[in-house]
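Here the structure is laid out as structure tokens; the discussion comes afterwards.
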Amino acid sequence: PCFVEKFKVIVDGSEIAKRLPDYPWIIVDLTFWNRHIPKEKDKVALQLRETYAVVRRMYYPRRFAITWVNEEFKKKNKVPLEKVVSYEGSTADFLREKGINRVVLLDPNAEEVLSREDLQERAFIIGGIVDMKGDKKGTTAKIGEVLEKEGIDVLRRKIVLRGDIVGVPDRINHIAEILLRMLYGEDMEKAILAVQ
Ligand code: SAM
């Protein structure tokens, strides 16, 4: 698995360990912030704090971006925004700035399962979405539609446990940790079981 190997060299090699890799980016997209009730917004903020902790423990906060950052989010926010990339514009603009024209969108309603090949992409998007009211089914796919309209190729991919999304924790921070574990070469099943 070429990407994983290259990545390990960067992380484990003592001299080059200090070098920040250019990719991959882990992006949490807040497009649907305003579709949440206040309690859900609090949960989004809390899950982003936990996502920051995961990225800091396992990867590089400087390669963690939060897009569509707005004033209300900033008030509820618990992430040290100066240590990550806090982007007030659209995800498409962020990607263009970085020269990225294809992304993996982690989406529980995708047809295809996230594969080892997909792990070589330069950016992975997780929806900044919390479901308490149960009225947001299909919203992640809409993030993808917006990106496609902006000319970005979107690979919609799901994470499954024995073929099903049931049993996969859907919190933003858990999805980020499963993704990071897979980027380091862990199998999907093992990664899911490790965060449960
Ligand atoms: N209600 C949303 C929907 O139907 O699109 C799902 C929201 S989920 C609570 C929050 C985010 O976690 C999603 O936007 C997605 O990026 C990610 N996610 C959750 N479960 C996933 C899975 N099984 N596979 C891939 N991504 C997942």
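For reference, positions follow the sequence shown, starting with 1.
Here the options are Asp22, Val104, Asn101, Ile100, the test is side-chain contact (heavy atoms from CB on, under 4.5 Å), and the partner is Arg122; only Ile100 passes. When each of Tyr59, Tyr60, Phe94 is checked for a ring pair (Phe, Tyr, Trp, His ring centres under 6.0 Å) with Trp25, only Phe94 meets the rule.
To the nearest 0.5 Å, the span separating NE2 on His174 from CD1 on Ile126 amounts to 12.0 Å. Taking CZ from Arg63 and CG from Leu20, the interatomic distance works out to 3.5 Å, rounded to the nearest 0.5 Å. Taken to the nearest 0.5 Å, the CZ atom of Arg116 stands 11.0 Å off from the CG atom of Asp118. With rounding to the nearest 0.5 Å, the separation of CG in Leu193 from CD1 in Ile178 is 9.0 Å. Atom CD1 of Ile175 sits about 9.5 Å away from atom OG1 of Thr140, to the nearest 0.5 Å. How far OH of Tyr87 is from OG1 of Thr67: 9.0 Å, rounded to the nearest 0.5 Å.
The backbone N or O of Val130 lies less than 3.5 Å from a partner atom in the side chain of His36, making a donor-acceptor pair. Between the side chain of Tyr52 and the backbone N or O of Lys83, no donor-acceptor pair lies under 3.5 Å. For the pair Asp29 (side chain) and Thr31 (backbone), a donor-acceptor distance under 3.5 Å is present. A donor-acceptor pair is defined here as one N or O able to donate and one able to accept, closer than 3.5 Å; no such pair exists between the side chain of Asp164 and the backbone of Leu161.
Both Leu147 and Tyr23 belong to a common hydrophobic cluster when Ile, Leu, Val, Met, Phe, Trp and Tyr are linked at side-chain heavy-atom distances under 4.5 angstrom. Cluster annotation: Val146 is not connected to Ile152 through the hydrophobic network of ILVMFWY side chains, with a link wherever side-chain heavy atoms come within less than 4.5 Å. At a threshold of 4.5 Å between side-chain heavy atoms, the hydrophobic network of Ile, Leu, Val, Met, Phe, Trp and Tyr places Val44 and Ile37 in two separate groups. Residues Leu46 and Leu48 do not share a hydrophobic cluster, clusters being chains of Ile/Leu/Val/Met/Phe/Trp/Tyr side chains in contact below 4.5 Å.
Ring centroid separation for the pair Phe32 and Trp68 does not come in under the 6.0 Å cut-off.
Taking each heavy atom of Ala191 and Arg181 in turn, the nearest pair found is CB-CB, 3.8 Å. Looking at every heavy atom in both residues, Ala123 comes nearest to Ile27 through CB-CD1, 4.1 Å. What you find for Pro24 and Leu183 is that their closest heavy atoms are CG-CD1, 4.0 Å. Residues Ile165 and Pro108 approach most closely at CG2-O, 3.6 Å, considering heavy atoms. For the pair Gln47 and Arg171, the tightest heavy-atom approach, listed with the atom from each and the gap, is OE1-CA, 3.5 Å. When all heavy atoms of Leu30 and Gly128 are compared, the closest pair comes out as CD2-CA, 4.1 Å.
Salt bridge Lys39/Asp42: absent, no basic N to carboxylate O contact under 4.0 Å. A salt bridge does not link Asp107 to Arg157: none of the charged side-chain nitrogens sits closer than 4.0 Å to a carboxylate oxygen. Electrostatic pairing of Arg102 and Glu121 counts as a salt bridge here, judged by a charged N lying under 4.0 Å from a carboxylate O. Of the charged side-chain nitrogens involved, at least one lies within less than 4.0 Å of a carboxylate oxygen, so that Arg57 and Glu177 count as a salt-bridged pair. Between Glu145 and Lys142 there is no salt bridge, since none of the side-chain N atoms of the basic residue sits less than 4.0 Å from a carboxylate O of the acidic one. Of the charged side-chain nitrogens involved, none lies within less than 4.0 Å of a carboxylate oxygen, so that Glu40 and Lys133 do not count as a salt-bridged pair. A salt bridge is absent between Glu112 and Arg156: the closest approach of a Lys/Arg side-chain nitrogen to an acidic carboxylate oxygen does not fall below 4.0 angstrom.
Surrounding CD of Glu82 are more than 12 heavy atoms belonging to other residues, nucleotides or ligands, all under 6.0 Å away. Around atom NZ of Lys98, more than 12 heavy atoms belonging to other residues, nucleotides or ligands sit under 6.0 Å away. Summarising the local packing, CD of Glu117 is surrounded by 12 or fewer heavy atoms from other residues, nucleotides or ligands at distances under 6.0 Å.
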With salt bridge (Lys or Arg N to Asp or Glu O under 4.0 Å) as the test, would you mind laying out the steps for Glu150 and Arg96 before giving the verdict? CA-CA 10 Å; Glu150 297 269 353; Arg96 272 192 288 266; 3.0 Å; yes
* **Glu71/Lys76 under salt bridge (Lys or Arg N to Asp or Glu O under 4.0 Å): CA gap, chis, key distance, verdict** => CA-CA 9 Å; Glu71 288 310 309; Lys76 292 190 183 263; over 6 Å; no
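No side-chain heavy atom of Asn34 sits under 4.5 Å from any side-chain heavy atom of Asn70.
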